[in-house]
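Fair warning: this is a prediction, and the values are worked out from it, not measured in the lab.
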Protein chains: 2
Amino acid sequence: MELRQLRYFLAVARERNFSRAAENLHIAQPPLSRQIQQLEDELGVLLIDRSSRPLDLTEAGRFFYEQSGQIMARIEHMREQTRKIGLSKRERYVIGCVGSTLYGGIPDLVRRMHMRWPDLDIEIREMMSTEQVTALKERRIDLGFGRVRFNDREVERLTLREERLVVAFPKGHPKSLSADPIALSELEGEPLIIYPSAPRPSFADEILNMLSEQGISPGSVEEVREIQTALGIVAAGMSLCVIPAASQRQRPDDVCYRTIKDENATSPIIMSFRRDDAKGRIEEIKQLIREMYADNPPWLQLSNVQLDGA
Amino acid sequence: MELRQLRYFLAVARERNFSRAAENLHIAQPPLSRQIQQLEDELGVLLIDRSSRPLDLTEAGRFFYEQSGQIMARIEHMREQTRKIGLSKRERYVIGCVGSTLYGGIPDLVRRMHMRWPDLDIEIREMMSTEQVTALKERRIDLGFGRVRFNDREVERLTLREERLVVAFPKGHPKSLSADPIALSELEGEPLIIYPSAPRPSFADEILNMLSEQGISPGSVEEVREIQTALGIVAAGMSLCVIPAASQRQRPDDVCYRTIKDENATSPIIMSFRRDDAKGRIEEIKQLIREMYADNPPWLQLSNVQLDGA
DNA sequence: CCATCATTATACCTTTCAGGTATCAAACCC
DNA sequence: GGGTTTGATACCTGAAAGGTATAATGATGG
């Protein structure tokens with residue numbers, strides 16, 4: 001598959017007419033027909049229903065049209081951004097973080113960093129904990145915030161805090177009627193949703209480990225790619241889910257949350273960075289985080305701060 | 001730009017070595033070098049720093065690597081999905097909706113539709129109100145939920161309810177101290193964030209119209225692409241923002257919301273569909289929505305239901 | 001239902017450009 | 001600093017994109 005084929009298909013899909021599309025593309029009609037045929041051959045699926053005029057897209061063609069349009073827009077955006085970054089003299093500082101930290105202190109930290117270094121272009125990139133290690137080593141990010149512990153010679157990690165875990169129940173679930181902390185053992189036999197399903201090891205494994213260490217076996221375990229989906233399934237009444245405390249800001253109307261009683265049922269927030277970091281902002285960033293924690297923001301509740309030991 | 005060049009660049013960026021990358025790609029090294037050069041020429045930006053071995057990516061190259069990897073993954077996903085849809089015999093039903101309706105009844109409606117038609121593959125696609133009209137006409141979606149009124153011969157629209165609007169304040173803003181409804185006139189002179197910036201006309205214009213009709217002029221107006229960004233800027237204390245009531249479920253910790261007193265300060269939820277819809281499920285869907293509204297879910301508060309007139 | 005028009009598919013030729021080979025020029029490594 | 005690794009350059013070959021002519025097919029109107 002080549003971008004040319006996507007461009008051609010988009011033109012045909014928009015015009016619903018090969019000849020006119022070919023004109024717009026400044027090529028003759030037969031090569032256009034052939035490229036579309038090749039695309040369909042490769043996919044093994046018909047995209048255009050040619051049995052009637054004006055042409056109609058097949059079901060698969062409609063989907064492909066939608067997607068390829070978005071992809072072309074995204075590529076155009078990448079092209080412009082790359083050009084801009086290449087020509088810009090401003091320094092870039094890229095932060096990789098797992099989604100749940102965006103519900104915690106990251107937005108506030110970025111604000112403080114903006115104030116501290118106005119000439120820095122700060123960028124946030126969502127990224128699983130495990131990806132952060134390689135991204136750091138390959139200098140694709142300068143700082144990472146994750147939830148899974150790992151060891152790597154080149155990467156230093158610092159546990160900022162241990163966040164308590166909560167159980168998400170569908171509204172109306174018998175065990176959701178109390179607002180009190182819940183014992184981990186009450187998950188015995190309950191259907192459980194975990195996330196993310198890839199890449200491993202992830203938060204999903206931390207939860208499974210925690211349960212098996214305590215000898216608790218859920219009734220069923222299903223994996224989904226992201227927390228939104230997980231909470232959607234919880235809201236639909238199909239299952240329960242264990243999430244970090246800060247993430248319970250989501251869906252307050254159709255999902256109920258109960259903190260887990262066991263104080264060791266926690267998930268860490270780990271900051272990681274290159275040992276040989278040349279940009280030399282790490283110490284000041286630690287200081288900004290200390291100041292932020294001192295302000296005791298609401299998302300800090302239910303956490304055991306550890307940064308002071310740093 | 002062609003996908004081949006993205007594939008080649010990814011291989012070089014991963015290996016940090018042209019010769020080895022060429023081996024992996026089963027081509028010789030010189031053509032690989034040339035393709036990368038062409039890519040760099042087209043972008044007008046150097047992606048790879050060749051002045052030292054092992055090779056290093058430039059700042060722009062790092063960005064391009066990140067992006068093109070994601071794009072390739074997305075294309076792969078599109079290819080598989082297209083194939084699957086093309087071979088599947090199941091019927092697809094695509095719903096286009098603006099983001100804020102996902103905080104309302106759409107998830108519940110989809111659940112009910114799943115139960116009613118187990119053999120239907122229902123798909124949700126985020127889409128601005130204006131895009132929905134063309135998407136309906138081109139049969140890319142079967143049902144739309146939007147916030148902007150429009151007229152089109154082929155498309156029928158039905159106002160489900162009028163949702164009250166609320167103002168978002170940064171925590172600690174003097175006007176956020178009261179929880180009572182706020183008069184629209186109090187926005188006079190305040191800096192305002194509106195969204196989405198494209199495509200027009202959008203919710204942003206509805207807000208601007210409403211204000212100018214009442215003779216209210218905000219201190220400054222800035223446009224952003226999406227509500228997340230808008231609320232982030234509000235949380236950072238830079239501005240205020242007017243949003244539909246159902247969207248106030250977001251960021252409850254660092255943003256305060258006050259309902260607007262004026263009962264006409266509302267935003268409609270509009271369902272739209274093709275007049276000639278062949279799938280013939282519209283009447284049953286209306287019935288499902290009526291049942292859903294009868295259950296009086298929490299997101300229905302602060303809304304004036306209008307569906308009964310349908 | 002057939003004739004005509006519009007439009008797409010097929011056959012075949014031309015041209016462009018991706019890929020290969022040979023070789024040169026740096027950069028790294030003792 | 002001389003050998004080795006590796007990327008760039010020059011030039012050639014061949015696959016594939018694009019063009020032209022024409023046949024096949026669906027739409028349209030009497």
Side-chain angles (χ1 to χ4, degrees), chain A residues 1-58 60-62 64-65 68 72 75 86 138-139 276, chain B residues 1-58 60-62 64-65 68 72 75 86 138-139 276:
Chain A
M1 182 147 55
E2 286 298 331
L3 285 187
R4 178 184 26 256
Q5 295 169 317
L6 298 195
R7 281 189 289 268
Y8 288 6
F9 173 75
L10 286 174
V12 174
R14 267 194 286 269
E15 290 288 346
R16 314 235 153 185
N17 180 312
F18 278 74
S19 309
R20 250 179 298 141
E23 264 180 57
N24 294 346
L25 294 166
H26 306 294
I27 62 169
Q29 168 263 317
L32 176 59
S33 290
R34 201 175 52 198
Q35 288 295 329
I36 302 291
Q37 284 170 23
Q38 283 176 7
L39 180 61
E40 289 177 324
D41 279 359
E42 187 194 326
L43 292 169
V45 155
L46 230 60
L47 299 175
I48 296 173
D49 175 8
R50 297 153 166 88
S51 73
S52 82
R53 246 65 71 83
L55 300 177
D56 198 7
L57 299 185
T58 63
R62 276 192 262 282
F64 196 83
Y65 176 65
S68 48
M72 292 305 287
I75 287 176
E138 295 176 357
R139 312 234 313 261
D276 69 343
Chain B
M1 183 146 52
E2 286 298 334
L3 285 187
R4 180 185 19 259
Q5 296 170 318
L6 298 195
R7 281 190 289 268
Y8 288 5
F9 174 75
L10 285 173
V12 175
R14 268 194 284 269
E15 290 288 347
R16 314 237 153 186
N17 179 312
F18 277 74
S19 308
R20 248 179 299 140
E23 266 180 54
N24 294 347
L25 294 165
H26 306 293
I27 62 170
Q29 168 261 317
L32 176 58
S33 291
R34 201 176 54 200
Q35 288 294 328
I36 302 291
Q37 283 169 24
Q38 284 176 7
L39 180 60
E40 289 177 322
D41 279 1
E42 187 193 327
L43 292 168
V45 154
L46 230 61
L47 298 175
I48 295 173
D49 176 8
R50 296 150 166 93
S51 72
S52 82
R53 244 70 68 88
L55 301 176
D56 198 5
L57 299 184
T58 64
R62 275 192 262 281
F64 196 83
Y65 176 65
S68 47
M72 292 305 288
I75 288 176
E138 294 176 356
R139 312 234 313 261
D276 69 343

- State plainly whether the residues R62(A) and D56(A) are in salt-bridge range, i.e. N to O under 4.0 Å. yes
- Item | Strand-adjacent residues in residues 38-46 of chain B, judged by heavy atoms under 4.0 Å from DNA chain D | none
- Task: Mind running a 4.0 Å heavy-atom check of residues 15-25 of chain A against DNA chain C and sending the residues that fall below it, in number order?
- Result: N17(A), F18(A), S19(A)
Expected list for residues 6-15 of chain B: side-chain donor-acceptor pairs under 3.5 angstrom, two or more places apart:
from	atom 1	to	atom 2	distance (Å)
R7(B)	NH2	E2(A)	OE2	2.5
E15(B)	OE1	R20(B)	NH1	3.0
E15(B)	OE2	N24(B)	ND2	2.8

- Message: Using the side-chain hydrogen bond (donor to acceptor under 3.5 Å, both in side chains) criterion, which residues pair with S33(B)? Sequence neighbours excluded.
- Response: Q29(B)
- Nearest 0.5 Å please: distance from the CG atom of L3(A) over to the CD1 atom of I75(A). 4.5 Å
- Task: Take the protein atom CD1 of I36(B) and the nucleotide atom C1' of dC17(C), then report the distance between them rounded to whole Å.
- Result: 17 Å
- Query: Whole-Å distance between dT7(C) P and Q37(A) CD?
  - Reply: 18 Å
- Note on the structure: Hits for side-chain hydrogen bond (donor to acceptor under 3.5 Å, both in side chains) against E42(B), two or more places apart or cross-chain, chain-then-number order -> R79(A)
- Item | Whole-Å gap separating C1' (dA18(C)) and CD (Q5(B)) | 11 Å
- Message: Side-chain N or O of S33(B) versus OP1/OP2 of dA8(D): is the shortest distance under 4.0 Å?
- Response: yes
- Can you tell me how far P of dG7(D) sits from CD1 of I48(B), to the nearest Å? 9 Å
- Message: How many whole angstroms separate atom CD of E2(A) from atom C1' of dC17(C)?
- Response: 13 Å
- Task: With sequence neighbours excluded, tell me which residues meet side-chain contact (heavy atoms from CB on, under 4.5 Å) with E23(A).
- Result: none
- Applying side-chain contact (heavy atoms from CB on, under 4.5 Å), run through E40(B) and I48(B) and close with a yes or a no. CA-CA 9 Å; E40(B) 289 177 322; I48(B) 295 173; 4.2 Å; yes
At a cut-off of 3.5 Å, list every protein nitrogen or oxygen paired with a nitrogen or oxygen from nucleotides 19-22 of chain C, distance to 0.1 Å.
from	atom 1	to	atom 2	distance (Å)
dG19(C)	OP1	Y8(B)	OH	2.9
dG19(C)	OP2	Y8(B)	OH	3.4
dG19(C)	N7	R34(B)	NH2	2.6
dG19(C)	O6	R34(B)	NH1	3.2
dG20(C)	OP2	A28(B)	N	2.6

- Is there a donor-acceptor pair under 3.5 Å between the side chain of Q35(A) and the backbone N or O of Q5(A)? no
- Partner residues of Q38(A) under the side-chain hydrogen bond (donor to acceptor under 3.5 Å, both in side chains) criterion, sequence neighbours left out: none
- Item | Full working for side-chain contact (heavy atoms from CB on, under 4.5 Å) between L55(B) and D49(B) | CA-CA 6 Å; L55(B) 301 176; D49(B) 176 8; over 6 Å; no
- Query: For D56(A) and dT7(C), what is the distance between atoms CG and C1' respectively, to the nearest whole Å?
  - Reply: 16 Å
- Task: Report the C-alpha separation of V45(B) and F64(B) in whole Å, then their side-chain angles, then the decisive distance to 0.1 Å, and conclude whether the side-chain contact (heavy atoms from CB on, under 4.5 Å) test is met.
- Result: CA-CA 11 Å; V45(B) 154; F64(B) 196 83; over 6 Å; no
- Item | Nearest heavy atoms of A21(B) and L32(B), plus distance in Å | CB-CD2, 3.9 Å
- Message: Tell me every residue that passes side-chain contact (heavy atoms from CB on, under 4.5 Å) with E138(B), counting only those two or more places apart in sequence or in another chain.
- Response: R16(A), Y65(A), R140(B)
- Task: Estimate the overall bend of the helix from dC1(C)-dG30(D) to dC30(C)-dG1(D) from the end axes over five pairs each, rounded to 10 degrees.
- Result: 50°
- Message: How many whole angstroms separate atom CZ of R50(A) from atom P of dG26(D)?
- Response: 13 Å
